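To start, the structure itself, in structure tokens.
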Amino acid sequence: MASAIIRRALTSLLVIIGSLVLVFFILYLLPGDPVLAMLDGVSASPEAVQNLRQQLGLDKPLGIQFAHYFWDMIRGDFGKSLVNGDPVLPKIWEQLPATVALTAASSLVSIAIGVLLGVLSAVHHNRFIDIIARIVSLFGISTPTFWSGILLILIFSVQLHWFPAMGSDGFSTLILPALALGFVTSGFIVRMVRNSMLDVIHEQFIVTLRSKGLPERIIMYRHALRNALIPAITMLGVQVGELLAGAVVIETVFSRQGVGRLLADAITAKDLPVVQGIILFTAVMYVLVNLLVDVSYSAIDPRVRRSA
């Protein structure tokens, strides 16, 4: 297992490096000039533009800029904001707790809805509960996060006055954003759990357990569900990236503080160091979560331990 984890970690490192390269060059292909944005290009003189470009190192060839950027990333220096000159990494750490809380709460909502409806849909295959679960799954997959967020605000904030519509102070401000983001991703988990459960139910060991007279409830929820969760855990690792990406929209809709809101503001201002730092930071988190997902397989399925 140790060698498998090391190989997986090395592969993850290559993914992070590839993300860094892509982010750097793609952002420089975007229209607009960060120097002109900082100086309000309409009124800035050519001398001021050139001086600021030299101070920021943006007058050097693109390859040299990338070499400096890559070396700074290795040393943990994410640079400084082009807008206000603040270091990027402390800005990310400052906003990270709010985004982690939103992602964790959304994951719990997604798991609760996805696993519950997926299991019920498989156990009651082709019955009324199965039809309802598939409709909910389709609705979740098809719903944009911004639309679900606005709908929840209109219902629970404007009409019912149950929860605040904006802000990031306290647990009450977390409920609606977590529901909006978690419901959208739960649709994929419902389908994955349902299909996995239907496959496992027809396995030979389930037939053997039934022939021994074991109660159906124990067979389904202790044996079948445990084996069916392997693909669902894989999907959950992928969905973490969806949740982090959705946090950009949700934090904007609900006016929450967080890394997603910081990224949206940085893209608007074309603050390249902040954008690059956040994307690289998010890529590292995504890779680490998927690495943990791979390791967790061995704790759930003994077959993975034996093969490793």
Side-chain angles (χ1 to χ4, degrees), residues 16 19 23 76 78-113 140 143-158 161-186 236-290 292-293:
I16 293 174
S19 301
V23 168
F78 282 33
K80 295 183 178 181
S81 170
L82 299 181
V83 175
N84 51 29
D86 294 336
V88 173
L89 191 57
K91 290 171 67 71
I92 297 176
W93 282 114
E94 181 182 356
Q95 302 295 333
L96 183 62
T99 299
V100 169
L102 175 60
T103 304
S106 302
S107 299
L108 292 177
V109 172
S110 181
I111 293 171
I113 297 176
T143 304
T145 53
F146 73 89
W147 187 85
S148 63
I150 294 174
L151 183 63
L152 289 176
I153 290 174
L154 291 175
I155 296 175
F156 294 103
S157 295
V158 178
H161 304 286
W162 286 1
F163 304 105
M166 299 181 181
S168 53
D169 299 327
F171 179 74
S172 61
T173 61
L174 183 62
I175 295 177
L176 292 184
L179 287 175
L181 190 55
F183 176 71
V184 172
T185 57
S186 66
L236 182 61
V238 175
Q239 290 301 309
V240 169
E242 297 289 336
L243 292 173
L244 291 173
V248 178
V249 178
I250 290 298
E251 288 175 355
T252 302
V253 171
F254 288 90
S255 297
R256 289 181 55 86
Q257 297 297 318
V259 176
R261 179 74 178 276
L262 181 64
L263 177 61
D265 294 341
I267 292 175
T268 302
K270 200 170 175 58
D271 197 346
L272 295 184
V274 176
V275 175
Q276 291 168 334
I278 292 176
I279 294 178
L280 178 61
F281 193 87
T282 304
V284 172
M285 291 181 60
Y286 180 73
V287 169
L288 290 178
V289 168
N290 281 271
L292 291 175
V293 167

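All values reported here derive from a predicted model rather than from experimental measurement. Numbering starts at 1 and runs along the sequence shown. Computed from heavy atoms alone, side chains included, the values below leave out hydrogens, waters and symmetry copies.
Residues forming a side chain to side chain contact (heavy atoms under 4.5 Å, CB included) with Ser110 (at least two apart in sequence, or on another chain): Thr185, Ser186, Ile189. Scored by the side chain to side chain contact (heavy atoms under 4.5 Å, CB included) test, Pro144 finds Phe146, Trp147 as partners (sequence neighbours excluded). Looking at residues two or more places apart in sequence or on another chain, you find no side chain to side chain contact (heavy atoms under 4.5 Å, CB included) involving Glu94. Leu154 meets the side chain to side chain contact (heavy atoms under 4.5 Å, CB included) test with Ile150, Val158; sequence neighbours excluded.
Closest heavy-atom contact between Ala178 and Leu102: N-CD1, 3.8 Å. Smallest separation of non-hydrogen atoms from Leu176 and Pro164: CD1-O, 4.0 Å. Of all the heavy atoms in Val88 and Gly277, the pair that sits closest is CG1-CA, 4.3 Å. Across all their heavy atoms, Leu152 and Ala180 have their closest contact at CD1-N, 3.5 Å.
Screening Leu179, Val109, Val249, Thr145 for a side chain to side chain contact (heavy atoms under 4.5 Å, CB included) with Val184, the sole residue that qualifies is Thr145.
Ser157 contributes a side-chain N or O that, together with a main-chain N or O of Phe163, makes up a donor-acceptor pair within less than 3.5 Å.
Ring pair Phe281/Trp93 is perpendicular by interplanar angle, where above 60° counts as perpendicular and below 30° as parallel.
Between the CD1 atom of Ile278 and the CG atom of Leu89 there is a distance of 11.0 Å, given to the nearest 0.5 Å. Annotation: the span from Phe254 atom CZ to Leu174 atom CG amounts to 10.0 Å, rounded to 0.5 Å.
Residue pairs that meet the side chain to side chain donor-acceptor pair (under 3.5 Å) test with at least one member in residues 243-252, sequence neighbours left out, are Thr99-Glu251.
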Enumerate donor-acceptor pairs with a distance under 3.5 Å from any side-chain N or O in residues 260-267 to protein atoms, sequence neighbours excluded.
none

